[in-house]
Amino acid sequence: MDKVKKQNENLLIRLNQSYSDLSKGQKRLADFISAHYDQAVFMTAAKLGKQVGVSESTTVRFAMQLGYEGYPEFQRALEEMVMNKLNSIQRMQFTYGRVPQGEILDTVLQSDIDKIKMTLEEVDHNAFEMAADLILNAQRIYIVGIRSCEPLASFLSFYLHMIFEDVRQVQTNSASEIFEQLIRIGPDDVIIGISFPRYSVRTLKALEFANNRGAKVITITDSVHSPMNVYSSCPLIAKSDMASIVDSLVAPLSVINALVVALCMRRQDDVKKTLETMEALWDEYQVYSSDEINSLDNASKIKGKYSGKQK
């Protein structure tokens, strides 16, 4: 492949295409950058080499092997890639291009485990406690998350409804709808914005609007450098997998889970009363009698009951 063509390609695509020609040490560099390029972008050649156990000269030769004139040009390409993130096609070509079909399950699960470990190492406990305090003292709680983050927002909203009286998940089909739903937000309220690369402009505008109205802003995002944190009182950082076909949101869900548990522990009496009331209502209105199966035995009975009637 000629140098001009290489320079027009995304750095990660270059890594993928050149991988088989790299030495053992260079492959370790490629593997580290592939998994942690958001960290590698801040490393010198010496520091990156030390991270993976190779010399600084090996790191420089690695950059040149990929078609760059030297490490500074390679690092600029890395910075540009991190700033622009990746599109879905690049994610697919890069992330699983070298993974055999039979290893995909193990690879994906291990990647999710790594994201949780990284989150555990970098989580700011003070920000976590501050977020809990802000939520506990809020008059109204707004939650906004769109696209792949919408299930996270729904999950958080579902459980906060069991603890607090006024929880509102902002629906974001259009920018105008956001402002209509946030029109009464004020200094006594809190908004929780959830966004991961590629970041949502609509979520950012919602946080900006809430901040301008004096509301407290909590963010759940992937980095202290996330644009979501411009308006945040306390950012909760959870690692996601930008270089993937699908967004890995396991670590963010774990942080949300921990936040819900912390709030439940601070409001145990209220949560207990709510659950007791709901259990009584479920029994009275037979909410689960017809659509929930409690055991494998029950499932077998239902199967036997209906299998003979089907034509």
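For Ser226, the side-chain contact (heavy atoms from CB on, under 4.5 Å) partners are Tyr199, Thr221, Asp222, Met228, Asn229, not counting sequence neighbours. Take Arg213 and apply the salt bridge (charged side-chain N to carboxylate O under 4.0 Å, His left out) test, not counting sequence neighbours, and it matches no residue. Residues passing the side-chain hydrogen bond (donor to acceptor under 3.5 Å, both in side chains) test with Ser55 are Ser57, Thr58, sequence neighbours excluded. Partners of Glu122 under the salt bridge (charged side-chain N to carboxylate O under 4.0 Å, His left out) rule, at least two apart in sequence or in another chain, are Lys239. Every side-chain contact (heavy atoms from CB on, under 4.5 Å) that Leu109 has, sequence neighbours left out, goes to Leu105. Considering only residues two or more places apart in sequence or on other chains, Phe155 meets the side-chain contact (heavy atoms from CB on, under 4.5 Å) condition with Tyr159, Leu253, Ile256, Asn257. For Lys27, the side-chain contact (heavy atoms from CB on, under 4.5 Å) partners at least two apart in sequence or on another chain are Tyr19, Leu22. The salt bridge (charged side-chain N to carboxylate O under 4.0 Å, His left out) search around Asp124 returns none, not counting sequence neighbours.
Residue pairs meeting the salt bridge (charged side-chain N to carboxylate O under 4.0 Å, His left out) criterion with at least one member in residues 146-169, sequence neighbours excluded, are Asp166-Arg168. Residues in residues 41-53 take part in no side chain to side chain donor-acceptor pair (under 3.5 Å) pair, two or more places apart or across chains.
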Side-chain polar contacts of residues 185-195 - donor-acceptor pairs under 3.5 angstrom, sequence neighbours left out - could you list them?
residue	atom	partner	partner atom	Å
Asp189	OD1	Arg140	N	3.1
Asp189	OD2	Arg140	NE	3.3
Asp189	OD2	Arg140	NH2	2.9
Asp189	OD2	Gly186	N	2.8
Ser195	OG	Ser200	N	3.2

Item to check | side-chain contact (heavy atoms from CB on, under 4.5 Å) evaluation trace for Thr119 with Ser254 | outcome: CA-CA 9 Å; Thr119 299; Ser254 291; over 6 Å; no

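For Asn212, the CG atom counts as densely surrounded, since its 6.0 Å shell holds more than 12 non-hydrogen atoms of other residues, nucleotides or ligands.
Taking Ile, Leu, Val, Met, Phe, Trp and Tyr as hydrophobic and joining them when side-chain heavy atoms fall under 4.5 Å apart, one finds Ile146 isolated, its cluster having no other members.
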